[in-house]
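Worksheet: the structure to be examined is printed underneath.
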Amino acid sequence: MGTVRRILDEGFGPWALSEDGTCLVRRNDRPPGEFPRQSGCWSRDEQIPVEPGKPFRVAVVGESVARGFLLDPVVTLPDLCRAAFREADLDDRLELLDFTVNGLSAAGAAKLCRAAAELRCAMIVLYVGNNFPRSTPWLDDPETRQVAAEAFAGRGYADYLAARREAISAFARDFCQEVEEVCRAAGIPLVVVVPATNQLDWHAPWVMPTWLPEDRLAEWTATRRRLDESADAAEDPAQRLALAERMTALDGGTTARPLEIAGRSLVRLGRESEGVALLSRAVSTGADPANYERRCPAEVAEELRLLGRAPGCRLVDVPARARERYGIAALGREIFLDYCHHTLDSLRDVAADIVAEVRAELGLAPTPGRPEPLGPAVSPPAREMATAYLLSALHNQHWGQPADIVEHWLRCAARTDPTCVEDLTTYFSMSLPQAQFWLLEDSLAARSGRMYWFLKNFSHLPVLDARFADRALRSLPEDGGQRLGKELDALWQELRVERRGEVNLLDTFWRERDSGPRPFTVVAGEDGPVSRYGFLTSGELPLTLDVVLVAGPGISGGRFDVSLNGRQCHAGEVTAEWRHERIVLPPSLLRAGANELAYTWTTVGRDPAVATAAVSTFGTGPENQDLIRLARMRLTP
């Protein structure tokens, strides 16, 4: 009991115990501990009474999917649960504590469960699992690193990934055991919610299996090229299936993208059960060394299901229940805004399922059959929903998703409320490095607040995305596109390269990340390993691009291709020695306004001995982030 008491004494999240000990009060200056720093991602509740004010107190402990990411703070899962309590005339008997937060770690979730027990909750709803791959400390310990390095060196990448998956399983198992013990000791029933993931629309990046022998890697690369070419023409699912299966045979199923393509092709061919099995396998393939973490892998989901079936627990299996409601559409954009965060309708479904289990466990009312989705008790204004769809488009864009996904949500935003053009303009104005938007919170219009928090939470990503501007202008209706074009022209006129004399493209990363020669993250997008930068120009004069770069540790080198606005303009080499390249960008390839410069990084060889040493020393794998180091990337007229 002392440990639980200490949690309230010290406080948690943004809340600290009041001097008289009667309530927890919000303190935005509290250190984060196991919790995220972003002050905009917790419940807005100012106080939490220590003693329950109603007969039954229920705590919802969850990560961003329960927070309602991209809908928050307009709609959250706890909001929908409260609405259901009111509709059932239970508001005077049930009190809900909102312990949902974006970026919640497993350690933070366990701590919140202990806090809920100390706050005398009658029940806990646990909605976690998506962040477990990021939480797993499997390479933190030098001894564990050495074991992983030996597995990679002796048995290859497949066994390395198997070790990673076993570490995730063990981590999830330990977490579930800790939560179960907390609830059993306090006599608190637990509702376990298993997350679902978007498997039809969300595409894994291409991970080059450089651990393969040279001849197999060459065939794998050639097959991938044929697969990319087939996507440009009228897609033949049978042909794409054959190519993807060949790639899987070559790499042993160690990369996710071929598995996903094969799974989607099987679904299109009517072989749904086989396709879903492959898509589920792709989610759990790993590829963490490429800085790519799928949400709630099968190993984590299974441990959560086991916990939900334990005595004193109830289970809300979102993937299974969504398939009952939506069929194969449960794996696509009909219920997901991105890779795992729900649309308003599907979030209502999850809330209805949770509320049904809470009512049944507490004996508040009979719950015959499958609960119906919540009615329109929580129906945000059109402007707010349009903003959610716009944020979804931005989020998908930032994670390198295909054009059809990004443009789908842009069109949804425009259909829901055409004035979303104002939010698009706000996004571009706030995302420019010169704006230093983090200093401008008080001056932002109220309707721009959600855009502010979105950018605040994603400040580690490139800021000016010319491809997104192009997609937005193409997706909007004619009048909206013309209006946005005029707004952007006015906004960007003074920021053109010609007027500024020199532009450091590394400034497209936020200042706290910009520190001279440093590891450079290759963003894996729809066209393969690619790095994108945006800049502004009149399009009338040629520009000179200076690049100074070197291959990362253990990489022997390779070719890179530079394209400007989708058209190749240069091919260069990256080696183990620092190289300087000067590239002329001709006016024929430049646009008036936003331009996009993209580097496509081809296969680079990594010495197996160096890769093994990297795993052992740094806890990173054969495709880690230190692929390329950049010292300079400047544009001058």
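Nothing fancy with the numbering, it's 1 onward along the sequence. Just so we're clear, the structure is a prediction, and the values are computed from it rather than from any experiment.
Closest approach of C569 to L589, counting heavy atoms only: CB-CD1, 3.7 Å. Counting all heavy atoms, side chain and backbone alike, P402 lies closest to H203 at CG-ND1, 3.3 Å. For P477 against A414, the heavy-atom pair with the smallest separation is CD-CB, 3.8 Å. In plain terms, the two heavy atoms of P258 and A244 that are nearest each other are O-CB, 3.4 Å. Here the closest heavy-atom approach between residue A256 and residue A282 is recorded as CB-O, 3.6 Å. Closest approach of D201 and N198 over heavy atoms only: N-OD1, 2.9 Å.
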So L424 and L476, side chain to side chain contact (heavy atoms under 4.5 Å, CB included) or not? Walk me through it. CA-CA 11 Å; L424 279 168; L476 291 175; 3.9 Å; yes
Go through the steps to decide whether N396 and W202 satisfy the test side chain to side chain contact (heavy atoms under 4.5 Å, CB included), and finish with yes or no. CA-CA 9 Å; N396 283 290; W202 188 260; 3.0 Å; yes
Before giving the answer on side chain to side chain contact (heavy atoms under 4.5 Å, CB included), spell out for L549 and F560 the whole-Å C-alpha distance, their side-chain angles and the decisive distance to 0.1 Å. CA-CA 11 Å; L549 74 170; F560 67 91; 3.9 Å; yes
Before giving the answer on side chain to side chain contact (heavy atoms under 4.5 Å, CB included), spell out for E581 and H570 the whole-Å C-alpha distance, their side-chain angles and the decisive distance to 0.1 Å. CA-CA 10 Å; E581 301 217 20; H570 180 77; 2.7 Å; yes
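For F336 and H341, the gap between ring centers reaches or exceeds 6.0 Å. For H395 and F69, the gap between ring centers is short of 6.0 Å.
Remark: R240 CZ to I261 CD1 distance equals 5.0 Å, nearest 0.5 Å. Atoms CD and CG, from Q493 and D489 in turn, are 8.0 Å apart once rounded to the nearest 0.5 Å.
Between E219 and R246 there is a salt bridge, since at least one side-chain N of the basic residue sits less than 4.0 Å from a carboxylate O of the acidic one. Using a 4.0 Å cut-off between charged side-chain N and carboxylate O, D228 and R226 make no salt bridge. With respect to the salt-bridge test (charged N to carboxylate O, under 4.0 angstrom), the residues R383 and D423 qualify. Look at R632 and E502 and you find a salt bridge, because one of the NZ, NE, NH1 or NH2 atoms lies within 4.0 Å of a carboxylate O, short of that distance. Classification of R483 and D479 as a salt-bridged pair fails, no side-chain N sitting under 4.0 Å from a carboxylate O. Of the charged side-chain nitrogens involved, none lies within less than 4.0 Å of a carboxylate oxygen, so that R579 and E573 do not count as a salt-bridged pair.
Side-chain contact between L390 and Y427: absent, with no pair of heavy atoms (C-beta onward) separated by less than 4.5 Å. When side chains are defined from C-beta on, P586 does not count as touching P542, because their heavy atoms never get closer than 4.5 Å. At least one side-chain heavy atom of L70 sits less than 4.5 Å from a side-chain heavy atom of D338. A 4.5 Å side-chain heavy-atom check between V550 and T575 finds every atom pair outside the cut-off. Using a 4.5 Å heavy-atom cutoff, the side chains of L279 and R264 are in contact. By the 4.5 Å heavy-atom criterion applied to side chains, L71 and L337 are counted as neighbours. With contacts defined as side-chain heavy-atom distances shorter than 4.5 Å, the pair W578/V548 qualifies. Residues P381 and E384 form a side-chain contact, since some pair of their non-hydrogen atoms from C-beta on lies under 4.5 Å apart.
For the 3.5 Å distance criterion, the side chains of D251 and T255 qualify, holding a donor opposite an acceptor. Side-chain atoms of Q397 and R467 include no donor-acceptor pair closer than 3.5 Å. A donor atom on one side chain and an acceptor atom on the other are found under 3.5 Å apart for E63 and N130. Side chains of N565 and N595: a donor-acceptor N/O pair is present below 3.5 angstrom, by distance only. For the residue pair D417 and T419, a side-chain donor N or O sits within less than 3.5 Å of a side-chain acceptor on the partner.
Annotation: side chain to side chain contact (heavy atoms under 4.5 Å, CB included) contacts of R582 (sequence neighbours excluded): T544, D546, H580.
Under the side-chain hydrogen bond (donor to acceptor under 3.5 Å, both in side chains) test applied with T537, the options E498, R499, R496 reduce to a single match, E498.
Y599 and Y533 have perpendicular rings, their planes meeting at more than 60° on a 0 to 90° scale where under 30° would count as parallel.
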